[in-house]
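Bear in mind that the values here come from a model prediction, so they are computed numbers and not experimental data. Read the numbers this way: they start at 1 and go in the same order the structure lists the ligands and their atoms.
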Amino acid sequence: MMTKKTALVAACCRSNGIGKNGTLPWRLKSEMDFFTRITSTVLDSAPGLAGDEQVKKNAVIMGVRTYMSIPPSFRPLKHRVNVVLSRTITEAPAGVDFLFRSFDEAIKTLSEMSNIDQLYVIGGSEVYKESIARPDCDLIFLTKIDADFDCDRFFPPIDHDQYEDITDEKLLPKYRHIIDKYDIPLDVQTENGLSFRYHLYKRK
Ligand SMILES: NC(=O)c1ccc[n+]([C@@H]2O[C@H](COP(=O)([O-])OP(=O)(O)OC[C@H]3O[C@@H](n4cnc5c(N)ncnc54)[C@H](OP(=O)(O)O)[C@@H]3O)[C@@H](O)[C@H]2O)c1
């Protein structure tokens with residue numbers, strides 16, 4: 001059985017910060033909409049089907065603290081299979097579809113499920129750190145916010161020997177098909193007086 005590839009999805013500020021006091025340091029609705037679209041869109045589905053009618057769903061894999069950081073009215077994340085990692089809790093929090101004690105266990109089980117399409121790793125810091133170093137991590141969707149925020153959680157450094165930014169002007173011609181597949185806006189975005197840009201890194 002082949003295990004599935006994973007994709008990370010994150011937003012960070014200049015210091016690579018991703019969180020503070022168990023929550024997001026910023027509020028960017030359009031960035032949140034981008035996250036929802038990327039993680040919810042099933043690429044391998046019958047055309048014309050949306051939401052709960054889809055035969056397949058993507059899975060979102062997250063640490064238990066990230067799940068609990070989602071406002072209760074927004075969790076579980078709809079139209080996606082919600083997967084939580086924890087070594088201590090024994091019962092899945094309300095709304096969670098699967099609870100796993102390790103990344104290996106999660107990837108192995110989810111890879112065997114034919115009704116699951118993409119596996120998206122959505123944080124937090126510890127989970128990103130482990131997954132970025134795994135050979136099954138193929139893509140990193142990283143929104144870079146051009147501002148400084150006080151943070152206590154950080155995105156791990158990206159090893160440029162392993163990953164390349166395919167939204168970089170020089171690489172774009174070669175990887176246009178991937179950018180188009182995910183419909184990633186490449187121009188600088190602005191909201192709430194903040195500038196940010198969507199980047200996509202791919203394993204070389
Ligand atoms: N900006 C962004 O894109 C973004 C995205 C997500 C989250 N965040 C922010 O990040 C913060 C939350 O993240 P966090 O780093 O504090 O925590 P987290 O990574 O969400 O959760 C950490 C917990 O997950 C469990 N865990 C992690 N790796 C595991 C593994 N390999 N196997 C089994 N269990 C594992 C452990 O739970 P146990 O201790 O129970 O074993 C660990 O204590 C919040 O501030 C949130 O807003 C930001």
Could you tell me whether Phe100 and ligand 1 have an N or O pair separated by under 3.5 Å? no

Counting each atom of ligand 1 from 1 as listed, which ones have a heavy atom of Thr66 under 4.0 Å away? 6 (C), 7 (C), 12 (C), 13 (O), 18 (P), 20 (O)

Is there a heavy atom in Phe35 that sits closer than 4.0 Å to ligand 1? no

Please report the interatomic distance OG1(Thr143) to CZ(Phe35), rounded to the nearest 0.5 Å. 10.5 Å

Nearest 0.5 Å, please: how far is OH in Tyr198 from CG in Leu186? 11.5 Å

To the nearest 0.1 Å, how far is atom 33 (C) of ligand 1 from its closest protein heavy atom, and which atom is that? Arg101 O, 3.1 Å

What do the steps show when you test Asp33 against Lys29 for salt bridge (Lys or Arg N to Asp or Glu O under 4.0 Å), and what is the final call? CA-CA 6 Å; Asp33 291 347; Lys29 190 185 175 296; 2.9 Å; yes

For the pair Tyr175 (side chain) and Lys202 (backbone), establish whether a donor and an acceptor sit closer than 3.5 Å, ignoring hydrogens and angles. no

Check each of Phe155, Phe149, Tyr128, Phe103 against atom 5 (C) of ligand 1 and report the one with the nearest heavy atom. Tyr128

Among all protein heavy atoms, pick out the one at the shortest distance from atom 37 (O) of ligand 1; state its residue, atom name and that distance to 0.1 Å. Val64 CG1, 3.6 Å

Looking only at distances, please establish whether an N/O atom of ligand 1 is found under 3.5 Å from an N/O atom of Ala10. no

Geometry only, no angles: is Arg87 polar-contacting ligand 1 at N/O separations under 3.5 Å? yes

Please check if atom NZ in Lys204 has more than 12 non-hydrogen atoms from other residues, nucleotides or ligands closer than 6.0 Å. yes

Atoms of ligand 1 close to Glu126 [distance to a heavy atom under 4.0 angstrom, numbered from 1]: 15 (O), 19 (O), 22 (C), 27 (C), 28 (N), 42 (C), 43 (O)

Could you tell me whether Thr23 approaches ligand 1 through its side chain, its backbone, both or neither, with non-hydrogen atoms closer than 4.0 Å? backbone

Does the Lys20 side chain pair with the main chain of Phe149, one donor and one acceptor, at a distance under 3.5 Å? no

Taking atom CZ as the centre, does Arg14 end up with more than 12 heavy-atom neighbours from other residues, nucleotides or ligands that are less than 6.0 angstrom away? yes

Please state which protein non-hydrogen atom is closest to atom 15 (O) of ligand 1 and give its distance, to 0.1 Å? Ser125 OG, 2.6 Å

Backbone N/O of Thr6 and side chain of Arg134: donor-acceptor pair under 3.5 Å: no

Should Glu130 be listed as contacting ligand 1, given a heavy-atom distance under 4.0 Å as the test? yes

Atoms of ligand 1 close to Lys20 [distance to a heavy atom under 4.0 angstrom, numbered from 1]: 45 (O)

Between CG on residue Leu200 and CD1 on residue Ile178, distance to nearest 0.5 Å: 7.0 Å

Have a look at ligand 1 and work out which part of Tyr67, if any, has a heavy atom under 4.0 Å from it: side chain, backbone, both or neither. neither

Students should be able to answer this: which protein heavy-atom is nearest to atom 46 (C) of ligand 1, and at what distance? Ser69 OG, 4.0 Å

Drop me the distance from Phe98's CZ to Ile61's CD1, to the nearest 0.5 angstrom. 11.0 Å

Would you please test Leu85 and Glu126 for side-chain contact (heavy atoms from CB on, under 4.5 Å) and show each step? CA-CA 11 Å; Leu85 301 177; Glu126 197 187 329; over 6 Å; no

For Asp152, which part has a heavy atom under 4.0 Å from ligand 1: side chain, backbone, both, or neither? neither

For atom 44 (C) of ligand 1, closest protein heavy-atom neighbour: Gly22 C, 3.7 Å

Within a distance under 4.0 Å of any heavy atom of Leu24, pick out the atoms of ligand 1 and give their elements. 1 (N), 2 (C), 4 (C), 47 (O), 48 (C)

Would the distance check show the side chain of Arg65 and the main-chain N or O of Gly22 forming a donor-acceptor pair, the cut-off being under 3.5 Å? no

Name the residue from Thr167, Asp168, Ile166 that meets the side chain to side chain contact (heavy atoms under 4.5 Å, CB included) definition with Glu164. Ile166

Is there a donor-acceptor pair closer than 3.5 Å between any side-chain N or O of Asn82 and the backbone N or O of Arg80? yes

For the 3.5 Å polar cut-off, considering only N or O atoms, please tell me whether Trp26 and ligand 1 meet it. no

Under 4.0 Å from one or more heavy atoms of Gly63, ligand 1 contributes atoms 18 (P), 20 (O), 21 (O), 24 (O)

With a cut-off of 4.0 Å, which atoms of ligand 1 are near a heavy atom of Ile122? 5 (C), 6 (C)

Which heavy atom of the protein is the closest neighbour of atom 43 (O) of ligand 1, given with residue, atom name and distance? Arg65 NH1, 3.5 Å

Look at the side chain of Arg203 and the backbone N and O of Tyr163, then say whether any donor-acceptor pair between them is shorter than 3.5 Å. no

Kindly confirm or rule out an N or O of Ala11 lying under 3.5 angstrom from an N or O of ligand 1. yes

How far is atom 26 (N) of ligand 1 from the closest protein heavy atom, and which atom is that? Leu85 O, 3.8 Å

Per-atom filter on ligand 1: closer than 4.0 angstrom to a heavy atom of Val127 are 19 (O), 27 (C), 28 (N)

Measure the distance from atom 8 (N) of ligand 1 to every protein heavy atom, then report the residue, atom name and distance (to 0.1 Å) of the closest one. Ile18 O, 3.9 Å

